[in-house]
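Order of the sequence lines sets the chain letters (A, B, ...), proteins ahead of strands, with each chain counted from 1.
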Amino acid sequence: MKYTLKENGYVDLVIVGGGPAGMSAAVAAYDAGLRDILILERDNSLGGILRQCIHNGFGLHRFGEELTGPEYAYRYEKMVREREIPFMCDTMVMGIDKDRNLTAQNSEYGIFTLKCGAIILAMGCRERPRGALNIAGHRPAGIFTAGTAQKFVNMKGYMPGSEVVILGSGDIGLIMARRMTLEGAKVKAVCELMPYSGGLARNIEQCLNDFDIPLYLSTTVVEIHGKERVTGVTVAEVDENRRPKPETKRYIPCDTLLLSCGLIPENELSVGAGISLDRVTNGAVVDGDRETSIPGVFACGNVLHVHDLVDYVSEESVIAGRAAVRFIRGERGEEISLTLKTDGKIRYTVPQRITRVEDTTVYFRVADVYRDKAIVVRAGGAVLIKKKKQKLAPGEMETVKLTAKMLGEVKGSEIMLSLEDA
Amino acid sequence: MLDAVVIGAGVVGGLVARKLCEYGLSVAILEKEADVAMGATRANSAIVHAGYDAKEGTLKAKLNVRGSEMMEGVARELGVKYKRNGSIVVGFNDEDRKTLEGLLERGTKNGVNGLRILSRLELLMLEPNIGEGVTCALYAPTGAIVCPYELCMAAIGNAMDNGALLYLEYCVEKITESDGVYTVSSSDGRSISARYVINCAGVYSDEVASMVGDNSFSVKTRRGEYMLLDRECGSHVSATVFRCPSKMGKGVLVTPTVDGNLLIGPTAEDISDKEDTSTTAEGLARVRALASEQVSGIAFNKVITSFTGLRATGSTGDFIINSPKRGFINCAGIESPGLSASPAIAEYVLSLIEADGEKLTRREDFVPTRKPMHFFSELDTEGKNEVIREHPEYAHIICRCEGVSEGEILHAIRTNPKPTTLDGVKRRTRATMGRCQGGFCTPYIIDLLAAEMGVDYTEVTKSGGDSRINLGKTKG
Ligand SMILES: Cc1cc2nc3c(=O)[nH]c(=O)nc-3n(C[C@H](O)[C@H](O)[C@H](O)COP(=O)(O)OP(=O)(O)OC[C@H]3O[C@@H](n4cnc5c(N)ncnc54)[C@H](O)[C@@H]3O)c2cc1C
């Protein structure tokens, strides 16, 4: 629904980002009874990155069926429209301050400021570009992040390359290996620096193996060739310290290098507002309600930590949406103050803090590939949970569920998650 | 027939052309690339050197000091970002200290004001992040930073606004002369005649000189590699931090840029290929190691891009600015401090033409100023909203990382010298230059370029030639 700015600029809840996280949070807030909601989206329509993810595999958990990205996004857009939740597209949020004043701009209103009862950050993430990888060689045309290539192919109908090497085995890279192949390109290799893939196992199977695309683990691109357009890349295997082994260097002719080397939450606004970030997730530090270090500012979806499945994004956003409503109504108080800690084998948890006694799902990722381990949760000397796992991998998000009963009985101020021999 | 052609659209060619234009000459600028500022001007340290480096009495010294004095005014006229942030040369031992004292003495002779030697303690007050091993420093308060390609584009744009012509993808291959008229021909068969030819061809200036039979010098290519860090890191140092010079040049420096990034480099390596702008793992590792000695705590995980610049090192050791043949003027071997000296080089070239007997008077109708390319970003909110009311496209952000709007991109595409490539738009607006390096906005910028130029989406290139971005259509 179209939104008309109020004279005083006040809005109960402003949601920054109209992807699956933002839409899901908006719907949850509406369903909890809130009506003064506004979604701000910088792109020209709702849906976020899902709009270009035309492959299927979305929604298995959430809707019990396999949807494409646009289909999944459209289900949420429909919920937003049915509830007449207002949104503004082509609107870029430029800044937020700690008092929840938000500055945005669009062609209709120019630069304007909103006073927000609560804010939910749902800006998503971006891909790591070439510069951050510091690959030597020339800087010709033909080097794209996998997502940019996806946009060219799926949204614009153009082919950014015909002979392709992919660096990194993140999910978008794997999906694009298949997509480019289906469009007639030859994908010559997927090179992954780590000894394991960063993508989902099912994507390796369906996107690489089914198309005979080779995946080279512990391998990286050391040089890019070609002055105007890419003419080839030199790849090499790496040692345990991820340093290239010169004797393994080989040249692969190609006209395109796609990068799928990780996603970085887009937290410029959060940094600008002074929100504390987690050094591992690059997202905000939050409590179980997804509230950041600034009261009344919540975060959910890929801006908080990179999810592999959108279903989890939606789940998380419902939590943030409901909590924002409670905040606006003055119903949020800290009941407890627990900090979640991890051993080195578990890289991070979300949330990082727990402030309320209620059933809480903790999401986390492991640092390496592990077999036959037990996920152990301890607090104040007692073991709360011990859950056996045959296989854990960095590409797959894991969860444990802490019940209200467990949280109510915790002694001390810390909960420790660790991986131990099963 | 024209009065003058300038070969090479770098910062030297650009400022020379503007100067000749100002004094009433009809001028064409010939450039082999698809855009201006594609040579040394594109990738360098962007420092306006104070002038303590060059040996006293040389053209380098004279034109550096003069250029450094002129730069602020020229930058203001052309709406180019300039900042007098000061330069610091750090030393690590007593021997370095002697070198620094030598530089101070030389600088004073060259006419540089305000030079002084700092103790470690004084230095720490200015630059808290200075490296642990640094014991002493030379401070040059007149050192400054400028955006070199912006200066070049603005000079050429301003010259064009005043009537100069620009021919791109015009690679000069042959020059003939008869009766005092030069005919300058390109490799694709075009030719232009003029009474004066100014050779500002950078690393190719020796080849261009030899086209008129001047083989008195040669130009070597010396490569310099850099890393550019995120704007988050731009205030890690406030001055430009050099290290004590050696035979291979001024060594690695750590400096903020006028756009607020942190720039680190360059290396110095002689190469034979005049086009080899590749970076190397070893080069970047060296930059990193040396920079860390000068300045501590540099966030190398915030590198957003790396690049290489090519210096044109002349065989005489000095700038080669002369007239080997009546009507033909060399501006060759313009290595560092060529950017700093560029306004003074333009003045000097004008004086050579005057000395040749040409009657020169400043044009009454010459407009020396130009609307800054980044005028919009410098407005306050009210000012911006005023522009947006007239032109709503200024509110529509295309490049998220650098906050560049559709209006700013369209303004750039429609302003002299008009860009036709993605990199051209980038250098004019900073769009795609931020931390995501164009991941999100590239497809939109191609839309705008294709529409403005009236070409197909697949014809838009990154930087001209064969650098196409999309190779065809999908099957659908
Ligand atoms: C690594 C590095 C660091 C530097 N740091 C500094 C610094 O901090 N401060 C400073 O003052 N100076 C610095 N310099 C020097 C400064 O960058 C140069 O002096 C200046 O940019 C030279 O400008 P130019 O116009 O002479 O050359 P260029 O910018 O190289 O322009 C020459 C132009 O001529 C064109 N051309 C060549 N041949 C032909 C042909 N046949 N036909 C048509 N066109 C042709 C080229 O394509 C090019 O565009 C540095 C240089 C480098 C490389």
Using 30° and 60° as the class limits, which term best fits the ring planes of A:Phe152 and B:Tyr457: parallel, tilted or perpendicular? perpendicular
So with a 6.0 Å cut-off around NZ of A:Lys115, is the heavy-atom count from everything else above 12? no
Whatever's closer than 4.5 Å to a heavy atom in chain B on A:Glu266 counts as side chain
Which of the residues A:Glu127, A:Met92, A:Glu223 is involved in the greatest number of heavy-atom pairs with chain B at under 4.5 angstrom? A:Met92
Go through B:Glu275, B:Met227, B:Lys384, B:Glu393 and name the one with the most non-hydrogen pairs under 4.5 angstrom from chain A. B:Glu275
Please walk me through it: do A:Lys227 and B:Asp466 pass salt bridge (charged side-chain N to carboxylate O under 4.0 Å, His left out)? CA-CA 9 Å; A:Lys227 281 180 185 167; B:Asp466 195 29; over 6 Å; no
With a 4.5 Å limit on heavy-atom distance, are the side chains of A:Pro160 and B:Ile469 in contact? no
Residue part contacting chain A, namely of B:Thr277, when any heavy atom lies under 4.5 Å: both
Nearest 0.5 Å please: distance from the NZ atom of A:Lys156 over to the CD1 atom of B:Ile446. 8.5 Å
For B:Ser467 against A:Ala141, the heavy-atom pair lying closest together: O-CB, 3.3 Å
Does B:Lys462 come within less than 4.0 Å of A:Glu228, counting only side-chain N to carboxylate O? no
A:Glu268, part contacting chain B, at a heavy-atom distance under 4.5 Å: side chain
Could you tell me which non-hydrogen atom of A:Asn106 sits nearest to which non-hydrogen atom of B:Ile388, and how far apart they are? O-CG2, 4.4 Å
Note, B:Ile397 side chain near A:Arg42 side chain (heavy atom, < 4.5 Å): no
For B:Gly439, does its backbone N or O pair with a side-chain atom of A:Thr145 as donor and acceptor, under 3.5 Å? no
To the nearest 0.5 Å, tell me how far B:His396 NE2 sits from A:Asn44 CG. 7.0 Å
Gap separating the CD1 atom of A:Ile111 from the CG atom of B:Asn385, nearest 0.5 angstrom: 5.0 Å
Do A:Tyr158 and B:Thr474 touch side chain to side chain, with heavy atoms closer than 4.5 Å? no
Non-hydrogen atoms of chain A under 4.5 Å away: do they reach the side chain of B:Arg389, the backbone, both or neither? neither
Part of A:Met155 lying under 4.5 Å from any heavy atom of chain B: neither
Any heavy-atom pair between the side chains of A:Arg229 and B:Leu471 that's under 4.5 Å? yes
B:Asp423 versus chain A, the contacting section by heavy-atom distance below 4.5 Å: neither
CD (B:Glu382) with more than 12 external heavy atoms under 6.0 Å: no
Largest heavy-atom contact set with chain B, pairs under 4.5 Å, which of A:Asp255, A:Thr148, A:Val222: A:Thr148
Heavy-atom nearest pair, B:Ala281 first then A:Ala136, reads N-CB, 3.5 Å
Side chain to side chain, A:His138 and B:Thr308, heavy atoms closer than 4.5 Å: no
Taking side chain as everything from C-beta outward and backbone as N, CA, C, O, which of these in A:Asn154 sits under 4.5 Å from a heavy atom of chain B? Side chain, backbone, both or neither. neither
Nearest 0.5 Å please: distance from the CD1 atom of A:Ile143 over to the CD atom of B:Gln437. 10.5 Å
Using only heavy-atom distances, determine whether the side chains of A:Arg139 and B:Thr305 contain a donor-acceptor pair under 3.5 Å. yes
With a 4.5 angstrom heavy-atom cut-off, could you sort out which part of A:Leu182 is near chain B: side chain, backbone, both or neither? backbone
So which heavy atom on B:Pro392 is nearest to which on A:Ser107, and how close? O-OG, 3.2 Å
Donor + acceptor pair across side chains of B:Tyr444, A:Lys151 (<3.5 Å): yes
Is A:Phe112 in contact with chain B via its backbone, its side chain, both, or neither, using a 4.5 Å heavy-atom distance? neither
